[in-house]
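Data first, discussion second: the structure below is written as structure tokens.
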Amino acid sequence: MTTDVLDLILADHRRFEDLFRDLRDRTNDRGKLLDELSTRLVAHAEAEEAEVYPALRRFKDITDEEVEHGAEEHAEGNEELLALLEIEDTESDAWEEQLGELVKAVAHHLDEEERTILSDARETVPEARRAELGAAFVEARDARIEAGCGELDYVRDLVARTKK
Ligand SMILES: [Fe+2]
Ligand SMILES: [Fe+2]
């Protein structure tokens, strides 16, 4: 099993895209899928900010601006996620429109993160360090999942904290 942090992050990104596709389909259990997406998305972003971004910014080519911008985009994604979680009727037009807003924000972030931070890290961070960071990333991510980070109250607190 690989623990390269870059591969782990990319695998999560692909999982988010699969979940977006499944969420668009009204015949699926959108509530259940959204629970899964919310949990995975919040845990992923928090683990990146806690364990990966701070470590990567010490390498050349990965700038403070890239890392700070990444965290800002996480906050934007969390706001769109919260707005979606707060709409009860998963078959309503409002819900579908808000799903579109969430997909737009997250897709933009995944694209940018992959082109900048992750691509730079692939070139400059040695494999052994990437493996260490992979283990730290998984530990931080799974601790968030244990803590119920996809739940409405958790996401609400998170958005309130980052807005300050
Ligand atoms: Fe990511
Ligand atoms: Fe990210």
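Residue indices begin at 1 and follow the sequence shown. Each ligand, and each atom within it, is numbered from 1 in the order the structure gives.
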Original post:
Among all residues two or more places apart in sequence or in another chain, which pass the salt bridge (Lys or Arg N to Asp or Glu O under 4.0 Å) test with E46?
Top reply: R144
Subject >> Under 2.8 Å from the Fe ion (ligand 2) - protein N/O/S, by chain and number >> reply: E48 OE1, H74 NE2, H109 NE2, E113 OE2
Subject >> Pairing of K32 and D35 as salt bridge, 4.0 angstrom limit >> reply: no
Original post:
Do the side chains of L102 and L23 get nearer than 4.5 Å, heavy atoms only?
Top reply: no
Subject >> Side-chain heavy-atom pair E17, L110 within 4.5 angstrom cut-off >> reply: yes
Original post:
Taking the six-membered ring for Trp, are H109 and F16 ring centroids under 6.0 Å apart?
Top reply: no
**OP:** Let me know which of E68, E48, E49 forms a salt bridge (charged side-chain N to carboxylate O under 4.0 Å, His left out) with R57.
**Re:** E68
